Amino acid sequence: MKKISFFLLASALIASLPHNTFAWGKKGHGIVAEIAFSFLDNKVKDSVNKYLGATTIEGASTWMDEIRSDHRYDYMKPWHYVNIAKGGEYVPNKDPNVVNALNNAIEELAHKQNLSDSVIKTDLMIIFHLVGDMHQPLHVGYESDKGGNDIQVKYLGRPTNLHRAWDTEIIEGENITTDQCLSLYKDFTKKEVAQLKEVNVAMWVKEPQALLGDVYSFNTQDNTIDQAYIDKNKKIVEQQLLIAGIRLSAVLEQIFKS
């Protein structure tokens, strides 16, 4: 009943909410999934793969983006992001957003013994995707510019928007890889890793939100994103992909180690 009421609420409010575009793009989401699996033991990996069936972990991570053109899933569109006022903090609510959608899927899988295999698979694909989404700073951004979608920029001279610059252009243009992201793991202490692996979705919002100052640090006179901006923020992108992977692994461990 809880899930049904959440779906109904999402469907009712969707028309009034702005729609952000993809976060991280296909490559970025795939990196998050690969990082997560690198931290899992074989038992948890086997359990995840059992329910995903023929779907790869990369396919699971991008499923929510691939179904956007299917109107049967329109109620999921607000699940990819949450709007937070500039200078404000996330306040728990019942709105259809990335925090509530992710929590809903995690809570359902805590009782997976009562769920069909197809529902378990769907919840897993939601988790794979949304853990990645919420670590892209512009997916916890401002309603006023639709998470950077309304900000037109010149990325190395090419027209695009700020959101796409972060979800795709930097990752693909700088050829960011899974190994590059994993190389940053050594920068974390054991205590920091333990804190990162605490499954608290509402708290996870704070880190990417704190990075918005860096995101908006481009030349506002002509909205140019130059190589200096890219060099400055490349490591932030790599770090966010790594943290998302660590946290995705923590969620999967919580679900399948019990």
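Keep in mind the model is a prediction, meaning the values are calculated, not measured. All values below were derived from every heavy atom in this structure, side-chain atoms included, with hydrogens, water molecules and symmetry-related copies excluded.
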**Student:** Give a yes-or-no answer on whether the side chains of D222 and T224 include a donor-acceptor pair shorter than 3.5 Å.
**Tutor:**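 Yes, a side-chain donor-acceptor pair sits under 3.5 Å.
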
**Student:** Where do W24 and G132 come nearest, in terms of heavy atoms and distance?
**Tutor:**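 What the structure gives for the nearest pair is NE1-O, 2.7 Å.
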
**Student:** Looking at Q221, I'd like to know if its CD atom is crowded, meaning that more than 12 non-hydrogen atoms belonging to other residues, nucleotides or ligands lie closer than 6.0 Å.
**Tutor:**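 For Q221, atom CD is not crowded (no more than 12 foreign heavy atoms under 6.0 Å).
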
**Student:** Please walk me through it: do N114 and H111 pass side chain to side chain donor-acceptor pair (under 3.5 Å)?
**Tutor:** CA-CA 6 Å; N114 300 323; H111 307 283; 4.9 Å; no

**Student:** Which distance, rounded to the nearest 0.5 Å, do you find between the OH of Y73 and the CZ of R68?
**Tutor:**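 Between Y73 OH and R68 CZ, I get 14.5 Å after rounding to 0.5 Å.
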
**Student:** What about H139 and H80, are their ring centers closer than 6.0 Å?
**Tutor:**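 Not close enough - the centres of the two rings lie 6.0 Å or further apart.
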
**Student:** In sequence, state the C-alpha distance, the side-chain angles, and the governing distance for L162 and I225, and then conclude on side-chain contact (heavy atoms from CB on, under 4.5 Å).
**Tutor:** CA-CA 9 Å; L162 184 61; I225 289 181; 4.0 Å; yes

**Student:** List the atom of D150, the atom of S144, and the distance in Å for their closest heavy-atom pair.
**Tutor:**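 Closest heavy-atom pair between D150 and S144: OD2-O, 4.3 Å.
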
**Student:** I'd like to check Y185 versus I246 (side-chain heavy atoms, cut-off strictly below 4.5 Å). Are they in contact?
**Tutor:**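 Yes, their side chains come closer than 4.5 Å.
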
**Student:** Keeping the roles fixed (side chain from N233, backbone from I236), state whether a donor-acceptor pair exists under 3.5 Å.
**Tutor:**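 Side chain of N233 to backbone of I236, a donor-acceptor pair under 3.5 Å: no, none is there.
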
**Student:** If you take all heavy atoms of L212 and G141, which pair is closest and at what distance?
**Tutor:**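 The answer is CD1-CA, 4.1 Å.
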
**Student:** F128 versus L252: any side-chain heavy-atom pair under 4.5 Å?
**Tutor:**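 Sidechains of L252 and F128: in contact.
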
**Student:** Taking the side chain as everything from C-beta on, heavy atoms only, tell me whether K235 gets closer than 4.5 Å to I176.
**Tutor:**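 No, too far: nothing below the 4.5 Å cut-off.
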
**Student:** Would you find more than 12 non-hydrogen atoms of other residues, nucleotides or ligands less than 6.0 Å from K186 atom NZ?
**Tutor:**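 Correct, the count exceeds 12.
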
**Student:** Does the separation of the ring centres of Y216 and Y142 fall below 6.0 angstrom?
**Tutor:**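 Yes.
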
**Student:** Taking the side chain as everything from C-beta on, heavy atoms only, tell me whether C181 gets closer than 4.5 Å to I35.
**Tutor:**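 C181 vs I35: side chains touch.
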
**Student:** Could you tell me if the ring centre of Y229 sits under 6.0 Å from that of Y155?
**Tutor:**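 Here the rings of Y155 and Y229 have centres that are no less than 6.0 Å from each other.
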
**Student:** Shortest non-hydrogen contact from F188 to Q239?
**Tutor:**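 Answer, listing the atom of F188 first, then Q239: CZ-CG, 4.4 Å.
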
**Student:** Under a 4.0 Å N-O cut-off, is there an ion pair linking D41 with K43?
**Tutor:**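 No.
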
**Student:** State yes or no: do L248 and L184 share one hydrophobic cluster built from I, L, V, M, F, W and Y residues joined by side-chain heavy-atom distances below 4.5 Å, directly or via other members?
**Tutor:**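 They do share one cluster, since a chain of ILVMFWY contacts under 4.5 Å joins L248 to L184.
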
**Student:** Nearest 0.5 Å, please: how far is CG in L182 from CD in E238?
**Tutor:**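 Rounded to the nearest 0.5 Å, the CD-CG separation comes out at 10.5 Å.
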
**Student:** Could you go through the salt bridge (Lys or Arg N to Asp or Glu O under 4.0 Å) check for R158 and E169 one step at a time?
**Tutor:** CA-CA 10 Å; R158 303 190 308 272; E169 301 287 0; 3.0 Å; yes

**Student:** Are T55 and W63 close enough that some pair of their side-chain heavy atoms sits under 4.5 Å apart?
**Tutor:**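 No, too far: nothing below the 4.5 Å cut-off.
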
**Student:** Against K27, only a single residue in T178, T168, N175, T177 fulfils side-chain hydrogen bond (donor to acceptor under 3.5 Å, both in side chains); can you say which?
**Tutor:**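 Only match with K27 under side-chain hydrogen bond (donor to acceptor under 3.5 Å, both in side chains): N175.
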
**Student:** Please lay out, stage by stage, how Q254 and I106 fare under the test side-chain contact (heavy atoms from CB on, under 4.5 Å).
**Tutor:** CA-CA 9 Å; Q254 176 177 288; I106 293 171; 3.7 Å; yes

**Student:** Are any side-chain N or O atoms of E192 and backbone N or O atoms of T189, one a donor and one an acceptor, separated by less than 3.5 Å?
**Tutor:**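 Yes, because the side chain of E192 sits within donor-acceptor range (under 3.5 Å) of the backbone of T189.
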
**Student:** Side chains of V205 and M134: closer than 4.5 Å at any heavy-atom pair?
**Tutor:**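 Answer yes - side chains close enough.
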
**Student:** Determine, step by step, whether D231 and Q227 satisfy the side chain to side chain donor-acceptor pair (under 3.5 Å) criterion, reporting the C-alpha distance in whole Å, the side-chain angles of both residues, the deciding distance to 0.1 Å, and the verdict.
**Tutor:** CA-CA 6 Å; D231 293 341; Q227 192 61 49; 2.9 Å; yes

**Student:** Using the side-chain contact (heavy atoms from CB on, under 4.5 Å) rule, take Q240 and L211 through it: C-alpha gap first, then chi angles, then the decisive distance, then the call.
**Tutor:** CA-CA 10 Å; Q240 288 305 106; L211 297 171; 3.5 Å; yes

**Student:** What salt bridge (charged side-chain N to carboxylate O under 4.0 Å, His left out) pairs are there with at least one residue in residues 170-179, not counting sequence neighbours?
**Tutor:**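 Sorted pair list comes back empty.
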
**Student:** Run Y51 and D117 through side-chain contact (heavy atoms from CB on, under 4.5 Å) and show every step you take.
**Tutor:** CA-CA 6 Å; Y51 289 108; D117 287 359; 3.4 Å; yes

**Student:** Return the orientation label for the H129 and H29 ring planes: parallel under 30°, perpendicular over 60°, tilted otherwise.
**Tutor:**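 Rings of H129 and H29: parallel, under 30°.
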
**Student:** Report the distance from atom NZ of K45 to atom CZ of F37, rounding to the nearest 0.5 Å.
**Tutor:**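 So the NZ of K45 and the CZ of F37 are separated by 7.0 Å.
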
**Student:** Can you find a heavy atom in the side chain of I151 that is under 4.5 Å from one in the side chain of N161?
**Tutor:**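 No - every pair of side-chain heavy atoms lies 4.5 Å or more apart.
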
**Student:** So, are K26 and E66 salt-bridged, with charged N and O less than 4.0 Å apart?
**Tutor:**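 Looking at E66 together with K26, the answer is no, because their closest N to O distance does not fall below 4.0 Å.
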
**Student:** Would E198 and R247 count as a salt bridge (Lys or Arg N to Asp or Glu O under 4.0 Å) here? Give the steps.
**Tutor:** CA-CA 8 Å; E198 293 177 5; R247 286 177 167 158; over 6 Å; no

**Student:** Less than 4.5 Å apart, any side-chain heavy atom of V99 and any of V140?
**Tutor:**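 Side-chain contact under 4.5 Å: no.
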
**Student:** Mind checking side chain to side chain contact (heavy atoms under 4.5 Å, CB included) for K232 and listing every partner two or more places apart, or none if nothing turns up?
**Tutor:**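 With sequence neighbours excluded, K232 shows a side chain to side chain contact (heavy atoms under 4.5 Å, CB included) to D214, S217, given in chain and number order.
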
**Student:** Looking only at heavy atoms, what is the nearest atom pair of N100 and D95, with distance?
**Tutor:**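 Closest heavy-atom pair between N100 and D95: ND2-O, 2.6 Å.
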
**Student:** Compare every heavy atom of N93 with every heavy atom of N97, then report the nearest pair and how far apart it is.
**Tutor:**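 Nearest heavy atoms, N97 then N93: ND2-OD1, 3.2 Å.
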
**Student:** Linking I/L/V/M/F/W/Y whenever their side-chain heavy atoms sit closer than 4.5 Å, directly or via other members, would M203 and V251 fall into one cluster?
**Tutor:**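 Each belongs to a different hydrophobic cluster.
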
